[in-house]
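See below for the structure under consideration.
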Amino acid sequence: MGDFLALGMTHYPLLAGTDEHMAGLLRWTLTDPDIPAEEKDPAHWPDRMRREWSDDGGTAAATAHRAELVSNLTRVREAVDEFAPDVVVVWGDDQYENFREEVVPPFCVLAYGDLEVPAFEVMNERGSPNYWGKPDDFEIVMHGDVSGARQLTDGLIERGFDMAYSYKKRAGAHFPHAILNTQLFLDYENAGAEMAYPFIPITVNCYGQHAIARKGGLARFADIESEVLDPAGPTPARCFQVGRAVAQHFRDRDLRVAFVASSSWSHAFLADKLWHMRPDTEADMRIYKALLEDDFALMRNYTSAEVVDAGQHEILNWFCMLGAVEELGLRREWSDLVVTDVFNSNKAFAVYA
């Protein structure tokens, strides 16, 4: 019989940058000419947003935000080390990185071996220095489990899931940052360089109707008006089913398996109804209350339309992990929701054992 641990964490990219850059997405949003002037005026912002923004564009608040996130990441890493897994299964979104116009699978097992992965490619392109002061070409070794990934794919197919798989990253593509930053942040002190646990990543098409339409990222409102939406991503219910099937596959194997959901929750740049100014905290609090109450039914029955409306696209990674939690009867030992208006997304953390 296997032993299991389940974890939730953020892969917030700007945590890899400096405090001066942490509110960069909001600064970029404020330059969108199609956002009403009153929405951009701090006098009309919620109290928390004004406090975080202050008179320095969020730089001082970024220091406190980083400290809170790193403290929670440390707690998650301590749980990993105490558990000492044989393998770490990570659910993370592919944000127009490995999967583009050629094919966008709902789910895909990345059956990769050990890879040297550039840690800061996207940051370098955007002119953002990294927090650790590492050279631009700094790489980390991400350990893989090719045999285990193949077996998992077979196990999912046997359980009725037509699971995609990949042996090789697309040439010229960035490595999916949801997976990369999982290692980078679990080993935050060392910028991911000393993380030795092998990963089996499973990508989730969290961005669904915006995967190609917005290239998995930022969009101006002028572009949104004429966008042609893509087919929807997997539903919350399907994500729960996939998580349960992954747990079933490992249940009878003599392995110590850690399941990780890698994502923040509502993202400001995806919350159209809030003019991309701040995340939908009300929607996130609803889901967090369900998490605290083990109300898996509420989360399973959440609709794709609700996910998109709140800009919670990446929460699908958590629904996969929570499917495994429900299947295995794991119990929540600790959780936290770090709420912000200025730093793009609310960040959830959890440990289940």
Side-chain angles (χ1 to χ4, degrees), residues 7-19 21-22 24-25 62 65-66 68-77 80 88-99 110 112 115-126 128-134 136-144 169 173-204 206-207 216-218 258-265 267 269-270 313-318 320-321 338 340 343-350:
L7 310 160
M9 58 176 283
T10 182
H11 64 245
Y12 175 51
L14 292 163
L15 185 59
T18 60
D19 290 350
H21 289 79
M22 199 178 288
L25 289 174
H65 193 60
R66 182 189 307 277
E68 193 169 7
L69 298 184
V70 171
S71 176
N72 285 353
L73 289 166
T74 299
R75 187 159 183 169
V76 172
R77 175 60 190 268
V80 173
V88 179
V89 176
V90 183
W91 284 282
D93 45 288
D94 185 285
Q95 202 168 326
Y96 197 72
E97 292 160 319
N98 207 29
F99 301 119
L110 304 186
Y112 296 166
L115 291 176
E116 292 184 352
V117 182
F120 308 125
E121 277 187 322
V122 175
M123 295 177 61
N124 295 340
E125 292 173 4
R126 295 177 179 174
S128 175
N130 69 80
Y131 170 76
W132 301 271
K134 299 289 186 182
D136 288 352
D137 61 356
F138 177 74
E139 295 183 333
I140 61 175
V141 176
M142 180 169 290
H143 299 284
K169 181 177 74 69
H174 295 140
F175 194 88
H177 73 271
I179 311 301
L180 165 64
N181 286 359
T182 298
Q183 177 162 328
L184 200 67
F185 293 171
L186 281 177
D187 187 29
Y188 195 80
E189 181 179 353
N190 304 299
E194 297 185 15
M195 186 81 170
Y197 303 114
F199 280 17
I200 298 179
I202 304 175
T203 60
V204 182
C206 293
Y207 278 71
L218 312 179
F259 300 116
V260 177
S262 175
S263 70
S264 300
W265 287 8
H267 285 48
F269 70 78
L270 292 167
H313 301 48
E314 295 184 17
I315 206 170
L316 297 182
N317 298 319
W318 276 70
C320 291
M321 180 271 286
V338 179
T340 178
F343 302 116
N344 185 57
S345 57
N346 296 318
K347 289 90 175 172
F349 300 84

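What you are looking at is a predicted structure, and each value in this text was computed from that prediction instead of being measured.
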Short side-chain to backbone donor-acceptor contact, [X] and [Y], under 3.5 Å:
X	Y	answer
N124	D136	yes
D93	C206	no
Q183	V141	yes
N317	E314	yes
W318	S263	yes
S262	A178	yes

I need the minimum non-hydrogen distance between [X] and [Y], along with the two atoms involved.
X	Y	value
Y96	G216	CB-N, 3.8 Å
D19	A62	O-CB, 3.6 Å
A173	E121	O-OE1, 4.5 Å
A193	F138	CB-CZ, 4.1 Å
M321	W91	CA-CZ3, 3.6 Å
V76	A350	CG2-O, 4.5 Å

Determine whether [X] and [Y] make a side-chain contact, defined as any pair of heavy atoms from C-beta on separated by less than 4.5 Å.
X	Y	answer
K347	E68	no
F259	I202	no
P13	V122	no
M9	R77	no
T203	N98	no
F99	Y207	no
T182	F199	yes
S345	Y12	yes

With side-chain contact (heavy atoms from CB on, under 4.5 Å) as the test, would you mind laying out the steps for F349 and V338 before giving the verdict?
CA-CA 8 Å; F349 300 84; V338 179; 4.0 Å; yes
Between H267 and H313, ring centroids under 6.0 Å:
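No: the rings miss the under 6.0 Å criterion.
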side-chain contact (heavy atoms from CB on, under 4.5 Å) for I200 and V90? Distances and angles first, verdict last.
CA-CA 6 Å; I200 298 179; V90 183; over 6 Å; no
[atom2] on [Y] to [atom1] on [X], rounded to 0.5 Å:
X	Y	atom1	atom2	value
N344	L218	CG	CG	8.0 Å
Y112	L110	OH	CG	4.5 Å
F175	L180	CZ	CG	7.0 Å
L14	F343	CG	CZ	9.5 Å
L115	I140	CG	CD1	10.5 Å
L184	M142	CG	CE	9.0 Å

So which of Q95, K169, E125, E97 actually passes side chain to side chain donor-acceptor pair (under 3.5 Å) with H174?
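Considering Q95, K169, E125, E97, a side chain to side chain donor-acceptor pair (under 3.5 Å) with H174 is found only for E125.
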Give the C-alpha distance, both sets of side-chain angles, the deciding distance and a yes or no for side-chain contact (heavy atoms from CB on, under 4.5 Å) between L15 and R66.
CA-CA 7 Å; L15 185 59; R66 182 189 307 277; 3.6 Å; yes
For Y131 and Y188: C-alpha separation, side-chain torsions, deciding distance, then whether ring-ring contact (aromatic ring centres under 6.0 Å, His included) applies.
CA-CA 10 Å; Y131 170 76; Y188 195 80; 5.5 Å; yes
